[in-house]
Amino acid sequence: MSAILAAHELGRWYGQVVGLNDLTVEVGPGITGLLGPNGAGKSTFLKLIAGEIRPSRGTVRVLGQDPFGNRELYRRIGFAPQQDALYDAMGALEQVTFLLRLSGFEARPARERAQTALERVGLDPRLKRKVKTFSKGMRQRTKLAQALAHGPQLLVLDEPLTGLDPIGRRDMLAIFRTLAAEGAHVILSSHVLHEVEALTEEILVVHRGRLLAQGRVGEVRRLLSRHPMRIELRARAPRELARALLGLEEVVSVRLGHDDGLVLLETRDAERFFGRVTSLVAEGGFGVQSLESVDAGLEAVFDYLTNG
Amino acid sequence: MKARAELEIYRRFTGALRGHPLRFWPIVVANVRVACKKKRALFFFYVPPAIAMIVGCFLVYAKFAVEGAMEQGDFGAGPPIQELLAMQATQLLEVRNQIYQILVVLIGFSLLASVWFGSGLLCEDRRAGAHLLYFTRPLTRLDYFAGKFLTAAFFSGAVVFVPGIVICVFATFTSPEWSFLKQEWDLFFRVTAYALVWVAGVGSITLCVSSLASRRVFALIGAFAFFMLSQGVAQVLGHLVDERFKLLSPLDNLEVIARSLFKQFVGQDEPPLAAVWAALAATVALALLVVARRIRRWEVVG
């Protein structure tokens, strides 16, 4: 897997304020979610990737090149910032065409590509309305259209799901998936954890300017040994099951839930536990109906990482 | 009907893009187009200058028509040749003065147009974050500045340059035996030079204020305040303390330059012309320095 993005000891500060500190990371192809609470340094990191700002220390390489001031690389990157960034007095087509002209396209191809891009994100290019009359969702779509209209290899999207209604989010996620399937790489930041989880397994978690975790959600979860993994089982004979589970050395605690048949347990070695629980269940005849890991999801991982 | 689905979102661009030598040009075109949607402002700032231009053309025509009629003896016996030459010289001088006077009237509108259309160019980009979209394009900060500056220059220059040149062209065709072109051809260059000096001075100051302000309305007030206050302070200090304080006012400096360019009377109490040029150049340089620094610092805005 060749990295599309490599940062080494990357740091960026604004006067006395640290935006990003000592971040070393490699990001592979496909979709990567950048997560972190407000002020974590996500936007700073994305601006560094997009070549908007210069690192205060360290290096960042995007598609093998230094992005800041690299005009050749700008043709291969599409950036949609978190800010509105659009001219209120322009229409969507006018806006995207204008930005394509700045990218170096001649007038006619720029207009054609702008039309196509707007259609792709679900906006009617014939729409005469000015951007100032657009809903948040339409603005987000326009921003996405301008980011992908010039056919970049890498899309850097800062909070593209913010302000969208559920249908808008679903549409946007579908667009990201299609983009990735078509060969584009996408790095997007978001607060909407469950939707990022539905989109990609690959995550970067930053907090207070530092990288907290990177990799697949499951792998990251397994690294969080300080927090035993919580597992829920439902069985017809919960007490017997609980007793049997206590015999496993990797199980830290077992308790019965309020619901009938619910058994809650904590384990520090989920892999080993899952390996042994199958035979235990088969031999014991506890009538196990379901087994579910309740804190292996992105939301729980994010909470453990950011709240300690 | 055959089933069809629009599933293609992304088509990677594989062609080669031409490195456009005038990368700032789309910025100028887009900004001018956006500004041209403000119909009332356009009407207010450009209709009076257009009327002034038409009136100026008519006055020039009237002067040359009378002169032509006298040469042909329509009013009885024609005057002697010496008188005719003297009269022609006077007429041409009057036309020159007239062009100057029309430009003096028009620069007020030019100032208004420049500040009105130019004050939001940088601060509104910054406020909306539009510069984030600009600077992920193959565009330098110099291109960006050039695009914005030419936009401001377009709106202010149009009010000074176009009427001046149109009146000159009109005078060329209405003057008898091309006398205007033969004797006052330099007015074309003087009008052009003045328009360039004017847009450089007013445009750079407007952009400077815009780069410092957070909103267009503040930039608008700031720019007007700067021009008015600098003129007032310069006049007061110039009269009370030292004449050299008059150099503090860019508008006064531009007026002195206009008078010298159009060979108008320059009073004894005016600062030397070289000092006026130097003061204006220093003002423009300072304004551009501020703009350059502000645009460079935009990378930390977030």
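In what follows, every chain begins at residue 1, and chains take the letters A, B, ... in the order their sequences are listed.
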* Give the intermediate values and the outcome of side-chain contact (heavy atoms from CB on, under 4.5 Å) for residues Leu132(B) and Lys47(A). => CA-CA 9 Å; Leu132(B) 296 172; Lys47(A) 283 182 192 170; 4.0 Å; yes

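Of the two parts of Lys143(A), neither the backbone nor the side chain holds a non-hydrogen atom closer than 4.5 Å to a non-hydrogen atom of chain B. Contact of Arg33(B) with chain A is made through the side chain alone, with heavy-atom distances under 4.5 Å.
A donor and an acceptor atom, one from each side chain of Arg137(B) and Gln146(A), are located under 3.5 Å apart.
Residues Pro138(B) and Glu72(A) form no side-chain contact, since every pair of their non-hydrogen atoms from C-beta on lies 4.5 Å or further apart. A 4.5 Å side-chain heavy-atom check between Glu124(B) and Asp88(A) finds every atom pair outside the cut-off.
In plain terms, the two heavy atoms of Arg71(A) and Leu139(B) that are nearest each other are CD-N, 3.8 Å. Across all their heavy atoms, Lys37(B) and Met90(A) have their closest contact at NZ-CA, 4.0 Å. Minimum heavy-atom separation, Arg296(B) to Arg54(A): NH2-NH2, 3.1 Å. Closest approach of Ala85(A) to Gly129(B), counting heavy atoms only: CB-O, 3.5 Å. Nearest heavy-atom pair, Phe98(A) versus Pro26(B), reported as atom, atom and distance to 0.1 Å: CE1-O, 3.4 Å. The shortest heavy-atom contact between Tyr87(A) and Asn31(B) is OH-OD1, 4.3 Å.
Sparse packing is recorded around CZ of Phe218(B), with 12 or fewer heavy atoms of other residues, nucleotides or ligands lying under 6.0 Å away. In this structure, Arg129(A) places its CZ atom where more than 12 heavy-atom neighbours from other residues, nucleotides or ligands lie under 6.0 Å away. Shown here is Arg57(A), whose CZ atom has more than 12 heavy atoms of other residues, nucleotides or ligands within 6.0 Å. Within 6.0 Å of the CZ atom in Arg111(A), the count of heavy atoms belonging to other residues, nucleotides or ligands does not exceed 12.
Taking CZ from Phe79(A) and CG from Leu133(B), the interatomic distance works out to 8.0 Å, rounded to the nearest 0.5 Å. Within the model, atoms CG of Asp143(B) and CG of Leu102(A) stand 9.0 Å from one another, a figure rounded to the nearest 0.5 Å. Between His150(A) atom NE2 and Thr136(B) atom OG1 the span is 7.5 Å, to the nearest 0.5 Å. For the atom pair Arg101(A) CZ and Ile27(B) CD1, the distance stands at 11.5 Å (nearest 0.5 Å).
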